[in-house]
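Accompanying notes for the structure given below.
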Amino acid sequence: MNQSMKVSGKTVEEALDTAVREWETTIDRIEYQVLEEPRKGFLGIGAKQASIEVFLRVDPVEEAAAYLKDLVQAMNVEAEVEVQILRKHTAMEIKGSSLGLLIGKRGKTLDALQHLTNTAANKYADAKQHIVLDAENYRGKRKESLQRFAERMAGKALREAKTIKLEPMDAAERKIIHQTLHQHKNIETTSSGKEPRRHVVITPGVKEKLK
């Protein structure tokens, strides 16, 4: 929810300057409504200041980062959150030592923190925010592990000439499997099942038969 307050000044501009100082922010994050225009009066008699109501637009990324820091602190982990705004998403990197508790088994705790952080951001966002949360480069390591796993399973499917159903994965991990095997000559991948049990199916020989 946006913050608001009423401010007065000799002019509307002066009142806005007061609001900027009060909130320690920048003018581009402030919206305002004039409640009363300033009036000079006659020989100073009857003069009135400008009165405005100002609204501080909340930055969803800043709010999400602050929320994440509170979560990390509540888990008794000393860490900092580094934010990087990218073209398609916002990356938040948790930096510190002994972050295993925040990552959890197979990244489940990290995924839960990421979900909560996105939820916090989208409470204040006009357009949907997409935040990717990482710690100790877990996402990169997990991607490399999934790529190697996908290649091994594809090889097994071809050697044994049978369809292989992988374990359930979230959408991001399934995407890595699909992308890794997309250019594979004699392998086709599909997703099957319903969340949270949706999984990738690797089928051998399909592309070759279609030629």
Side-chain angles (χ1 to χ4, degrees), residues 1-5 20-26 28-30 55-153 165-180 191-200:
M1 183 180 297
N2 291 351
Q3 299 180 50
S4 67
M5 66 177 175
V20 168
R21 290 194 302 271
E22 181 73 21
W23 275 328
E24 297 181 347
T25 187
T26 54
D28 60 294
R29 289 186 59 189
I30 287 181
F55 306 88
L56 178 63
R57 290 196 298 271
V58 175
D59 186 308
V61 173
E62 287 183 7
E63 289 295 320
Y67 176 75
L68 177 59
K69 289 176 183 177
D70 288 342
L71 285 177
V72 171
Q73 186 176 16
M75 296 174 72
N76 295 318
V77 176
E78 291 187 10
E80 294 295 325
V81 177
E82 184 177 284
V83 179
Q84 185 178 11
I85 307 297
L86 303 175
R87 187 166 64 89
K88 292 186 177 181
H89 70 276
T90 297
M92 290 191 182
E93 178 81 18
I94 303 175
K95 293 195 171 183
S97 58
S98 302
L99 300 180
L101 178 64
L102 300 183
I103 296 172
K105 186 177 180 180
R106 299 187 61 182
K108 295 302 182 183
T109 304
L110 189 64
D111 288 341
L113 289 172
Q114 178 174 284
H115 174 75
L116 290 171
T117 302
N118 274 279
T119 299
N122 284 299
K123 285 182 179 179
Y124 305 99
D126 295 327
K128 187 174 182 179
Q129 298 290 310
H130 178 43
I131 296 172
V132 176
L133 185 60
D134 202 0
E136 296 182 345
N137 193 32
Y138 173 81
R139 301 292 184 197
K141 294 174 183 176
R142 177 63 174 164
K143 180 178 181 179
E144 292 176 357
S145 176
L146 285 171
Q147 289 171 331
R148 292 192 297 269
F149 176 68
E151 293 289 354
R152 289 200 306 273
M153 292 300 98
K165 297 179 181 180
L166 303 185
E167 60 193 22
M169 299 178 185
D170 61 32
E173 294 192 340
R174 293 197 306 270
K175 183 177 180 180
I176 292 172
I177 300 294
H178 290 307
Q179 290 178 335
T180 300
S191 288
S192 181
K194 296 181 179 180
E195 301 291 1
R197 304 296 300 172
R198 195 161 174 78
H199 57 275
V200 175

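Every value quoted in this text rests on a predicted model; they were computed, and no experiment measured them.
Listed by chain and number, the residues in a side-chain hydrogen bond (donor to acceptor under 3.5 Å, both in side chains) with E144 amount to none (sequence neighbours excluded). Checked against side-chain hydrogen bond (donor to acceptor under 3.5 Å, both in side chains), R198 has no partners two or more places apart in sequence or in another chain. For K143, the side chain to side chain contact (heavy atoms under 4.5 Å, CB included) partners two or more places apart in sequence, or in a different chain, are Q147, I176. With sequence neighbours excluded, the residues forming a salt bridge (charged side-chain N to carboxylate O under 4.0 Å, His left out) with E173 are R142, listed by chain and number. Evaluation of the salt bridge (charged side-chain N to carboxylate O under 4.0 Å, His left out) rule for E22 yields no partner, not counting sequence neighbours. Applying the side chain to side chain contact (heavy atoms under 4.5 Å, CB included) criterion to R197, with sequence neighbours excluded, gives P168. Evaluation of the side-chain hydrogen bond (donor to acceptor under 3.5 Å, both in side chains) rule for T26 yields D28 as partners, not counting sequence neighbours. For E62, the salt bridge (charged side-chain N to carboxylate O under 4.0 Å, His left out) criterion is met by R29, not counting sequence neighbours. With sequence neighbours excluded, the residues satisfying side chain to side chain contact (heavy atoms under 4.5 Å, CB included) with K165 are H199, V201. In this structure E195 satisfies the side-chain hydrogen bond (donor to acceptor under 3.5 Å, both in side chains) test together with R174, sequence neighbours excluded.
Between the E136 side chain and the L99 main chain, a donor and an acceptor come within less than 3.5 Å of each other. Side-chain atoms of Y138 come within 3.5 Å of backbone N or O of G107 as a donor-acceptor pair.
Of the inter-residue distances, the one linking L56 atom CG with I30 atom CD1 reads 6.5 Å to the nearest 0.5 angstrom. One distance of note links CD of E151 with CG of L146; it measures 12.0 Å at 0.5 Å rounding. Separating the CD atom in E78 from the OG atom in S98 is a distance of 10.5 Å, to the nearest 0.5 Å. Atom CE of residue M92 and atom CD of residue Q84 lie 12.0 Å apart, to the nearest 0.5 angstrom. Note that the CG atom of D134 and the NZ atom of K95 stand 10.5 Å from one another [nearest 0.5 Å]. Rounding to the nearest 0.5 Å places CG of L166 at 9.5 Å from OG of S191.
For A65 against V83, the heavy-atom pair with the smallest separation is CB-CG2, 4.0 Å. Considering every non-hydrogen atom in both A150 and T180, the closest pair reads CB-CG2, 4.0 Å. Considering every non-hydrogen atom in both L86 and A91, the closest pair reads CD1-CB, 4.1 Å. The heavy-atom pair separating A64 from A120 by the smallest distance is CA-CB, 4.4 Å.
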Inset, instruction - Take L116 and Y67, measure what side chain to side chain contact (heavy atoms under 4.5 Å, CB included) needs, and give me the verdict at the end. - result: CA-CA 9 Å; L116 290 171; Y67 176 75; 4.0 Å; yes

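In this structure, the side chains of V200 and M153 stay at 4.5 Å or more apart for every pair of heavy atoms.
Among residue pairs with one or both ends in residues 102-120, those qualifying as side-chain hydrogen bond (donor to acceptor under 3.5 Å, both in side chains) are R106-E167, D111-R139, Q114-R139; sequence neighbours excluded. Sorted by first then second residue, the side-chain hydrogen bond (donor to acceptor under 3.5 Å, both in side chains) pairs that include residues 85-94, not counting sequence neighbours, number zero.
A side chain to side chain contact (heavy atoms under 4.5 Å, CB included) with L71 holds for exactly one of V77, L113, L102; it is L113.
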